[in-house]
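Labels below follow one simple rule: chain letters A, B, ... track the order of the sequence lines, proteins then strands, and each chain is numbered from 1. Just so you know, these numbers use all the heavy atoms, side chains as well, and skip hydrogens, waters and symmetry mates.
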Amino acid sequence: METASITFITGGVRSGKSSFAEKTAVKKALEIDGGLHYIATSKSADEEMEERIRNHQKDRNESGYLWNTWEQPVNIESLAFYFKKNDVILLDCLTTLLSNELFSQDTGWSDTYSKKDEVFNRIWNGIKAIEKNCHHLILVSNEVFFDPLHEETELLFTYCQLMGKLHQQIVSTAENAYLVEAAIPLLMKGAK
Amino acid sequence: MHFVTGGAFNGKRKWVKENYPEGEWFSAYNKDPLIMNLESPWNSTFILEGIEVWVKELLAEMTMDEGRKYLKDVIAGWYKWENVSPDRKLIIIGTDITKGIVPIDKADRNWRDLIGWFYQDIAIKCERVDVVWYGLNQTVKG
């Protein structure tokens, strides 16, 4: 597959991947005098989540650049239509998007299990559609693959399997891929 | 010997298939048994996949110390087999399960610890070690 104008950024919790992603987005937007968009996939379900969201919002406001924020917990493809060729889009983060897609209220777990391919395609098609309609897409995700997994724990197993499949697909087409370790971005793919 | 590791679902199998298309596979995921002594008289490329699963099975019957000792003997056996001929090649694939949150279950903690040691012991004996990250490999040894 051809290289897509995608930057993939992953790392552990609180590794500084979001702020690195924001800086990357601002830089890309400045280069072309383009618009900045932020797709938030988290639902503010509890206070802790709300605080995290507020912190991220504060950082973006203080960055001095104008961000358009879209709250889109599922079905990101529906946003593609709103973007323009000189927009830079940051999506934070894929792990939440996948949980939302897998565990959305209208599907039971047994249902979800049989819908694995559908969920994968929905997310991947959404990414492709947005990428086509913008200048550059930055995708933030999390490293979630280092726990002992059991096939018996079907739910976690399926989640990680799908997440891994998505990450592999994204990395294989992305222009750049970074792993952020303790706020240090390691370039895994592409040129600086 | 060539050790290939990385997190679960990172594309290790695909990478090994691309790099060793001639390999003969023994996979714990397919319930193949752990081969302690490679008795094969033929010169070939063997691929052992899912070694973390074999280790877990061992721990059902052994203490941690016995497990580590047993696994050292296993590695020695593999090493011996491979060194008979330059046409013999062993590729070992093990999922890294050592970087997550400390597991609640004692058995999982033991499993994780033993895996950490086992992978160290393997890496010492291997001439090449790669970490696969979403399909991309990073050669960390060799």
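B:N30 CG: more than 12 foreign heavy atoms inside a 6.0 Å radius. No more than 12 heavy atoms of other residues, nucleotides or ligands sit less than 6.0 Å from atom NZ of A:K23. Within a 6.0 Å sphere centred on OH of A:Y65, other residues, nucleotides and ligands contribute 12 heavy atoms or fewer. Within 6.0 Å of the NZ atom in A:K27, the count of heavy atoms belonging to other residues, nucleotides or ligands does not exceed 12. Counting heavy atoms of neighbouring residues, nucleotides and ligands inside a 6.0 Å radius, atom OH of B:Y79 does not exceed 12 of them.
Within the model, atoms CD of B:Q138 and CG of A:L186 stand 8.0 Å from one another, a figure rounded to the nearest 0.5 Å. Here A:F145 contributes atom CZ and B:I97 contributes atom CD1; the two are 15.5 Å apart, rounded to the nearest 0.5 Å. Between the CE atom of A:M188 and the OH atom of B:Y134 there is a distance of 9.5 Å, given to the nearest 0.5 Å.
Among B:N10, B:D105, B:L136, B:V53, the residue with the largest count of heavy-atom pairs under 4.5 Å with chain A is B:N10.
Taking the side chain to side chain contact (heavy atoms under 4.5 Å, CB included) definition, one finds that A:A80 meets it with A:A129, A:I130, A:N133, sequence neighbours left out.
Nearest heavy-atom pair, B:W111 versus A:P148, reported as atom, atom and distance to 0.1 Å: CZ3-CB, 3.4 Å. Of all heavy-atom pairs spanning B:F9 and A:Q168, the tightest one is O-NE2, 3.1 Å.
Side-chain contact check for A:E143 versus B:W133: some heavy-atom pair is nearer than 4.5 Å.
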